[in-house]
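Here is the structure we will look at, set down as structure tokens.
Keep in mind the model is a prediction, meaning the values are calculated, not measured.
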Amino acid sequence: MIQAIVFLPLLAALVAGLGQRVIGNVPSKIITTGALFTSCALSWPIFLSFVFGTGEATVTPVLHWVQSGALQFDWELRVDTLTSVMLVVITTVSALVHLYSWSYMEEDPDQPRFFAYLSLFTFAMLMLVTANNLVQMFFGWEGVGLASYLLIGFWYKKPSANAAAIKAFVVNRVGDLGFMLGIFGTFLVFGTVSIPEILAAAPGMAGSTIGFMGMRLDTMTILCLLLFVGAMGKSAQLGLHTWLPDAMEGPTPVSALIHAATMVTAGVFMVCRLSPMFETAPIALGVVTFVGAATCLFAATVGTTQWDIKRVIAYSTCSQLGYMFFAVGVGAYGAAMFHLFTHAFFKALLFLGAGSVIHAMHHEQDMRYYGGLRKLIPITFWAMMMGTLAITGVGIAGVAGFAGFHSKDGILEAAFAAGGGGQIAFWVGIFAALLTSFYSWRLMFLTFYGKPRWEQSEHIQHAVHDDHGHGHDDHAHDGHAHAPAHAAAHDDHGHAPHGQGDGTAGYRPHESPWPMLVPLILLSIGAIFAGFVFAHPFIYPEEGLAFWKGSIAFDVPLMEAAHEVPTWVKWAPFTVMAIGLLLAWNSYIRNTTLPARFVAQITLLHRFLYNKWYFDELYNFLFVKPAFRIGRFFWKKGDEGTIDRFGPDGAAALVQGGTRLAVRLQSGYVYGYAFVMLLGLVGLASWAMVNFL
């Protein structure tokens, strides 16, 4: 069964990618989507078997892979509780994204390539989470990086998409270098890359030292920090986060699949998989806690200032990943995985809902040009409402709530119970929860409430212009080609014809097609019930110990303490959620002039947050420009000025000069030849006199 789950997406990717010219668009979509729904249908029974206590960890061999001296490992598929959680997250979200893309990418001429990339990504992610050794995990790790690069830059004729793809690739190479060094160091210390063998031997290495950069340092701290650098890159933690917002240049389904629900959680999964290693390195766990809390705060502050609907959700993703990491840092691995699980549902829902809004608004992504959409696209509105209720953590302590209420509150309670640095992370998380509520409800109010502001959008004006029968060559925002007939037929895209008087230049958004709405409805169910249904096996002490079965380091005393925290701790997240909701309502519904007046009072702070703490500018100054200067120096002075000058260019110039001289000598005049002969005789006579006299 596990072989079918893992390899069906690869087979579908190969068929759709290599056979796209033969089989065409629709068969490619049917093959890839069918393969993913089959993998999804096979994954859920495995997960539920662990939930109900009947599942057992298994290792399925695929083939003998490497045998080189002491380095020996096979390609094996490991299935335990941790893997089963990731299987349902990956296959469920991927299957629904495939279905959603049927309509969202309907106009694109390269649909088989797009669906092949999606399926290739899914295969690589499945390889990562089923890995039984670190090299196999790295294979999947790099595979999802490749697929991410291909999908972010899918519209390769669009310069900003190419730049974003390169940025994601380069930033992740920094993290991957740390991950590789961690793998090398782990093999050096343990003599194996087998994950079970490493985790079994890890406690025995506690307190040992290793030579690193000319110093003797704690072995497990160094190894865990190097591995965590890899997690920082893949999961967009502070310092290596700059690629994630720019990755929104890719199609919206890509954002939902890769940059919200699956690939960006690979770092969290890796740390949880290696949690027995991290438990032997308290300093490394402290660093993880600090970085997670800092990322949580940073991304939440930036999210409050952004206008692009996808970027708001992207920074929200970055912030939620920060929650997961500081949960890992305090030892609440079950709570981190629970938030990863619920977050996949409501964040994929929010991204796909945003895609539905963008689809209805003719690819306009600026929320300042939305407003009043709740009655025109009601299914999208209610789906995004469920996602917002989930991410803001709406619920009543001790009773029930949406998915984020159970998982995020579980993290905050565990952080408080952990004490020390965990309590600092708790207060950072509480403040971030306030900001999360504010920017999430800000998004809802700007998009679905108030008066329509569509006529101010260039994209909408473009659409109305098209309805008069004037075509244009490419998508106003996304940058991929239309079929010419589409220019005068926007009904196919969900837009009503010109002339329906609503005060918005005749433009009236329509609801998205059903292939886009069905995934929203299904993900809404997960956003509502996933937390309530699965809270006990994930984070409750006795049930959690039986559920995880040793696949992560499950700290029973910590989780017991988390459920016994003071009442005010349990109510704090709900309180700040309500405050954020009221602030957003007062600013964007009741008194719409308040935000501008407030920004005028804090211009410098707002500019600092709006420009993302100037990380891009700082990195551009410290790394990008010096790298270009060094490259230009070696290009001009080294390559052209030295190698080319004295190498091929110099030799060519010498030959050309000699040829030019020879041409001048071959004049055709007798006196010229006689003169040359005379010079030759003089030279010969001179040589003879010197040598024989």
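- In this structure, Lys549 contributes its side chain and Gly55 its backbone to a donor-acceptor pair below 3.5 Å.
- No donor-acceptor pair closer than 3.5 Å links the side chain of Thr280 to the backbone N or O of Pro203.
- Phe338 and Phe547 have their aromatic ring centers separated by at least 6.0 angstrom.
- Annotation: cation-pi geometry satisfied between Arg173 and Phe169 (NZ/CZ under 6.0 angstrom from ring centroid, within 45° of ring axis).
- Without hydrogens or angle criteria, Asp80 side chain to Thr83 main chain gives a donor-acceptor distance under 3.5 Å.
- In Phe534, the CZ atom is crowded: over 12 heavy atoms of neighbouring residues, nucleotides or ligands sit closer than 6.0 Å.
- Atom CG in Leu126 sits 6.5 Å away from atom OG1 in Thr122 (nearest 0.5 Å).
- A side-chain donor-acceptor contact under 3.5 Å links Ser316 and Lys347.
- Proximity of the aromatic rings of Trp141 and Phe138 is defined here by a centroid distance below 6.0 angstrom, and this criterion is not met.
- Aromatic ring centroids of Phe538 and His406 lie 6.0 Å or more apart.
- Distance alone, capped at 3.5 Å, is enough to place a donor-acceptor pair between the Thr54 side chain and the Ser49 backbone.
- Of the possible donor and acceptor atoms, none in the side chain of Ser148 sits under 3.5 Å from a partner among the backbone N and O of Gly145.
- The nearest pair of heavy atoms linking Ala332 to Leu558 is N-CD2, 3.9 Å.
- The heavy-atom pair separating Pro253 from Val97 by the smallest distance is O-CG1, 3.5 Å.
- Using modelled atom types, no side-chain atom of Thr92 and backbone atom of Val89 make a donor-acceptor pair closer than 3.5 Å.
- In plain terms, the two heavy atoms of Ala336 and Val328 that are nearest each other are CB-CG2, 3.7 Å.
- A cation-pi arrangement, defined by a distance under 6.0 Å to the six-membered ring centre and an angle within 45 degrees of its axis, is present between Lys408 and Tyr323.
- No side-chain N or O of His343 forms a donor-acceptor pair with one of Gln320 less than 3.5 Å apart.
- The backbone N or O of Phe115 sits less than 3.5 Å from a side-chain atom of Ser119, completing a donor-acceptor pair.
- In this structure, Phe123 and Phe7 have tilted ring planes: the angle between them lies in the 30° to 60° band.
- A donor-acceptor pair is defined here as one N or O able to donate and one able to accept, closer than 3.5 Å; no such pair exists between the side chain of Ser235 and the backbone of Met232.
- The local environment of CD in Gln72 is crowded, with over 12 non-hydrogen atoms from other residues, nucleotides or ligands closer than 6.0 Å.
- Under a 3.5 Å cut-off, the side chain of Asp246 and the backbone N or O of Ala168 do not form any donor-acceptor pair.
- Ring pair Tyr439/Tyr315: centre-to-centre distance not below 6.0 Å.
- Nearest heavy atoms, Ala13 versus Ala116: CB-O, 3.4 Å.
- Between Gln136 and Val66 the shortest side-chain heavy-atom distance does not fall below 4.5 Å.
- Using a 4.5 Å cut-off on side-chain heavy atoms (C-beta onward), Met270 and Lys234 make no contact.
- Side-chain atoms of His339 and Ser407 include a donor-acceptor pair closer than 3.5 Å.
- The two residues Ala256 and Leu352 come nearest to each other via the heavy atoms CB-CD2, 3.5 Å.
- In terms of heavy-atom proximity, Gly334 sits nearest to Ile552 at N-CD1, 3.6 Å.
- Remark: Leu99 CG to Thr32 OG1 distance equals 10.5 Å, nearest 0.5 Å.
- Side-chain atoms of His563 come within 3.5 Å of backbone atoms of Ile539 as a donor-acceptor pair (strictly under, hydrogens ignored).
- With ring centers used as reference points, Phe73 lies 6.0 Å or more from Phe187.
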